[in-house]
Amino acid sequence: MELSKRYKPAEVEAKNYRFWEEGNFFRAAVGVVDKDRFSVAIPPPNVTGRLHMGHALNNTLQDIVIRYHRMLGDETCWFPGTDHAGIATQNVVEKELATEGISRHDIGREAFVERVWEWKAKYGSEIIDQLKALGCSCDWSRLRFTLDEGLSHAVREVFVKLYDEGLIYRGAYLVNWCPRCETAISDLEVEHEEIDGALYYILYPLEDGGSVTIATTRPETMLGDTGIAVHPEDKRFAHLIGKTARLPILDRALPIIGAEQVDPEFGTGTLKVTPAHDPVDFEIGQANGLNSVNILNDDGTINENGGPFAGMDREAARKAVVDRLKADGHLEKVEPYRHAVGHCERCHTAVEPLISTQWFLKMKPLAERAIEVVRDGRVRFVPERWTKFYIDWMENIRDWCISRQLWWGHRIPVWYGPDERPFAAQSEEAAAAAAREHYGREVELRQDDDVLDTWFSSWLWPFTIMGWPEETPELETYYPTQFLVTAFDIIFFWVARMIMASLHFRNEIPFETVYITPLIVDPEGRKMSKSKGNTVDPLELMDEYGADALRFSMAHATTKGRSMRTPTTQLEDARNFLNKLWNMARFVLMQLGDERPGLPDEVTELEDRYILSRLAATVATVREHLDAYNFNLAAETLYEFTWHDVCDWYVEMAKVRLQSGSDPAAKGILHHVLKQILLLLHPFVPFVTEEIWQVLGEEPTSISLAPFPGPSDRERDAEAEAAMAALQEAVTGVRAIRADLNVPQKAEISVVLKSGSMALVEPLVRSLASLKALTGAAVWDFGSAMTEMAGTARKVLSFGELFVPLADLIDVASEIKRLGAELAEVSADLAASTAKLANDQFLSRAPADVVEKERRKRDEFAQKVERLEANLASLGA
RNA sequence: GGGCGAGUAGCUCAGCUGGGAGAGCAUCCGGCUUACAUCCGGAAGGUCACAGGUUCGAGUCCUGUCUCGCCCACCA
């Protein structure tokens, strides 16, 4: 089969993915006991999702680990699925409706939800196709959706259980309200953004004369003020406690109280208390029995409690309130003020805190054990620093608001009786039965209108994808999972909650290792976001460079830092690298023809011994790095070995033997080394490696099922590596002379190599043909004393010296300059080394091997200096 | 107000438990050497942010400072 001169991903990728799917290579068995098991639950992408760089990174890393373990021989399963993504999906469909000029309220709940399912049927698989394009080797037969019947059942089960345990409660508390989405959102869904606002100083008259001035950033909330607070120990205001002020405009009586929460340093040191619209005020209100006056409608407009401002949008109301205060002489001053304002993560509308009746989950009882398993290392974060991040948050965890005023999601499994008594149950029938029992008769039940936070299904993901609450063979075989990959911003949303859920419902951890990826940032180092317009589309990158190139560059760029830049030049590097690999394969195929010789029995040639030694080292290093999740180092090691050790040196040396007729050993080694490289690279770049594997016609059918290289009987060969290093030094020396002195490529030269080390020279003599081919020097003379010759270029090596007679090409003066510069450098090294060895402290405290190494270095420098000096002398310097 | 990460060659970044500063790109010089010009050979380029400290020895460990990025927090 003929390979094209360049690697063309488009011709290879889709074809090979189809091959994998048709072969069911990623289908995992259940119930296997005689193998290690390895499983991963995918972080389910939103059904509305389009592959972004975060997904690309995340799933590339998961796939590398999954493929690695599959090749290690583990029974390996990657469980895939998608998330129904409550608000996000509802927003998408609402937007679609808006283009038709209608809102969800126009068509009603049932029809709307139907519409979303239609949308899902149409577009929900796009993200799956994109993951396949990336090469992800999930077991697609196990694809799940967080809103499918099985998971919905699990969600109801969990809700009822937690309700019965008293961990879920309903009540009116201060929540974050998004007026655009018209729903409560959890603390985690609020993003704080610094904005330029203003501090308004409002004058509150006191009932018995005088006034008090209070600073606020949200003047319109004064409509909901029900008190005023000062710090109890603030002497300036002590006399005010117990008195009453009057609210401007609405003329409400405001008791003045003392509260610890007040910061005497801020503003005027007094606080207007608006329990319905501020978390601190809510606390103070509760503690002091103040009323709560909610002034907002669900859409963010002012309600009837806002008096003359009722019906106005909150923005307009702010302005109107300020104008009115000013007109009445109640506005003392306005100062510019920069502060953080909460925004809805999904739609970026400013969030309003308000009192609302919602469902909550108590977190502290769940958090305790979840902290424990991380602390004792049963669940491990990589990089390790995230452990502290996790524990800090868990220790200060607050209750989770789990209800959402949406239509798309798991409807809360609670039915209310005529007296509003709630019945939590798996089904309406079960609730009816419970109600019948309670009331002693048949009653009309009404289901709660709200749905659950999307994360209320995701936090059950690792075991619900395996069929929980049934005790399935999947659970038995693959739970707990071994590995989870996610970004740090999901630790609290998801990772922490999964740990809590798994411990609570299954009494075991959900996964052993949590790998936290760096955050991908733009070229300026800023977070990528659609609103900033600095996103990069991985699908476009895949089109341009190929999925493998994207994967390799991702792996290569993944460090244990907190962020990484979008790979740009690295993408080109990766593409070039894969092309290099492709061409190496072409070369090997050209040499092999129909033969598939494999590793020869006897290996004697220097370069053969060398490359096998390097291969053994590479296998060991790559496995080490993969086991430690050092993706960049593993990729780097393979790049280096393939390109430099194999292509630059081994192939070039083997050519000599291959061109001068058949050489079974060289062919066998080429074949073997190529195969090993393919296997080592396969987890990183599955498409190109599979393609070459197929062309070679290797067994097994798919490289994805082949065993990953392990330690072999051929291990490191220090002697060959040392001899090869000498050869490389000599070759590079001659090439440098050629380049420095502008000796034309075609010009015939001869080389004299002088060395006292027969151990090193002897293999070079045997590799004479390689030396000639690699340097273009036709005549090599070893070991003989150099007779003084005019016009000789010189190079001092670590183990000897090179002489290249070039007659009139040599300019003695510049030759002296060249050698002089090197002498200066080496002399400095020698001086440093000598000084070190003269230091008694060093000799007595440094480990013996370090001292020994230093001695060898010193001797080497000394010899080099000696040779350089001799050469300079012979040039008459 | 706390916390985290980064600061190494012109650019993007490696550098594991402390023992002679690395890669790729860009630059310069030379090459169509029949696997690859997405290539090959060579060269130049760095007070490892700054200041102290620990150590025989610090890019690597400790303390402090500066710059950038990010996270968390009830200063309205």
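Proteins get letters first, then strands, A, B, ... in listed order; numbering begins at 1 in each.
Contact detail for A/V293 and A/L223: the closest heavy-atom pair is CG1-O, 4.4 Å. Between A/P264 and A/D234, the closest heavy-atom pair is CB-OD2, 3.6 Å.
For A/Y337, a side-chain nitrogen or oxygen approaches OP1 or OP2 of B/A76 to under 4.0 Å. Side-chain N/O atoms of A/T559 include one lying less than 4.0 angstrom from OP1 or OP2 on B/A14.
If you run ring pair (Phe, Tyr, Trp, His ring centres under 6.0 Å) between A/F577 and each of A/F552, A/Y7, A/Y545, A/F641, only A/F552 comes through.
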> When every nucleotide of nucleotides 29-42 of chain B is labelled 5' to 3' by its protein contacts under 4.0 Å (heavy atoms), B for base, S for sugar-phosphate only, - for none, what sequence of letters results?
Replying inline: S-----BBSBSSSS
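A/Y390 and A/F381 have tilted rings, their planes meeting at an angle from 30° to 60° on a 0 to 90° scale.
Non-hydrogen atoms lying under 4.0 Å from RNA chain B are contributed by A/R385, A/F389, all within residues 383-390 of chain A.
Nucleotides B/U17 and B/A6, compared at atom P, are 12 Å apart to the nearest Å. When the P atom is used for both B/U12 and B/G53, the distance is 33 Å, rounded to whole Å. With P as the reference atom, B/G45 and B/C39 are 25 Å apart, rounded to whole Å. With both ends at atom P, the span from B/U65 to B/C4 equals 14 Å, rounded to whole Å. On the C1' atoms, B/C13 is 29 Å away from B/C72, given to the nearest whole Å. Nucleotides B/A44 and B/G3, compared at atom C1', are 43 Å apart to the nearest Å. For the C1' atom pair drawn from B/A9 and B/G15, the interatomic distance equals 14 Å after rounding to whole Å. Using atom C1' as the reference point in both B/A58 and B/A51, the two lie 15 Å apart (nearest Å).
Scanning for salt bridge (Lys or Arg N to Asp or Glu O under 4.0 Å) contacts around A/E352 gives A/R218, A/R314, with sequence neighbours left out.
Residue contacts for A/V521: at a heavy-atom cut-off of 4.0 Å it reaches no nucleic acid atom on any strand shown. A/R398 comes within contact range of the sugar-phosphate backbone alone, with a heavy-atom separation under 4.0 Å but no base atom that close. Within 4.0 Å of A/P744, counting heavy atoms only, lies no atom of the nucleic acid at all. Here A/L633 lies in heavy-atom contact (under 4.0 Å) with sugar-phosphate atoms only.
To the nearest angstrom, P of B/A23 lies 12 Å from OH of A/Y639. Rounded to whole Å, the distance from CG on A/L188 to P on B/C72 is 8 Å. The distance between atom CZ of A/R218 and atom C1' of B/C74, rounded to the nearest whole Å, is 11 Å. What separates CD of A/E265 from P of B/G1 is a distance of 13 Å, to the nearest Å. With rounding to whole Å, A/Y545 atom OH is found 14 Å from B/C25 atom P. A straight line from NE2 of A/H625 to P of B/U17 spans 12 Å, rounded to a whole angstrom. Between A/N396 atom CG and B/C74 atom P there is a gap of 10 Å when expressed in whole angstrom units. Atom P of nucleotide B/A76 and atom CD1 of A/I202 are separated by 15 Å, given to the nearest angstrom.
Closest approach to the A/H192 side chain among B/A76, B/C70, B/A73 is made by B/A73 (side chain taken as heavy atoms from C-beta onward). Side-chain proximity of A/F488 to the nucleotides B/G24, B/C71, B/A23 is greatest for B/C71.
Where A/I214 and A/D392 each meet RNA chain B at their nearest nucleotide, the meeting point lying more 5' is that of A/D392.
In this structure a side-chain-to-backbone donor-acceptor pair under 3.5 Å is missing from A/R858 to A/A832.
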>> A/E815 vs A/R818, test: salt bridge (charged side-chain N to carboxylate O under 4.0 Å, His left out). Steps then yes/no.
In response: CA-CA 5 Å; A/E815 195 67 353; A/R818 220 162 49 85; 2.9 Å; yes
>> Between A/D663 and A/K667, is the salt bridge (charged side-chain N to carboxylate O under 4.0 Å, His left out) condition met? List the steps.
In response: CA-CA 6 Å; A/D663 186 311; A/K667 284 189 190 177; over 6 Å; no
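Put simply, the side chain of A/I669 reaches to within 4.5 Å of the side chain of A/Y650, judged on heavy atoms. The side-chain heavy atoms of A/E636 and A/H625, taken from C-beta on, include no pair separated by under 4.5 Å.
At a cut-off of 3.5 Å, with distance as the only test, a side-chain donor of A/E332 or A/T213 sits close to an acceptor on the other residue. Residues A/E189 and A/S186 have side chains that bring a donor and an acceptor to within less than 3.5 angstrom of each other.
Pairs engaging residues 261-276 of chain A under the side chain to side chain donor-acceptor pair (under 3.5 Å) rule: A/T221-A/K272, A/D225-A/K272, A/D225-A/T274, A/Q261-A/E283, A/T268-A/T270, A/K272-A/T274 [sequence neighbours left out]. The side chain to side chain donor-acceptor pair (under 3.5 Å) pairs that include a residue from residues 571-584 of chain A are A/N583-A/R586, where partners are two or more places apart or lie in different chains.
Secondary-structure stems of RNA chain B, taken as three or more successive Watson-Crick or G-U wobble pairs (i with j, i+1 with j-1) under a 3.5 Å distance threshold, comprise B:1-7 with B:66-72, B:10-13 with B:22-25, B:27-31 with B:39-43, B:49-53 with B:61-65.
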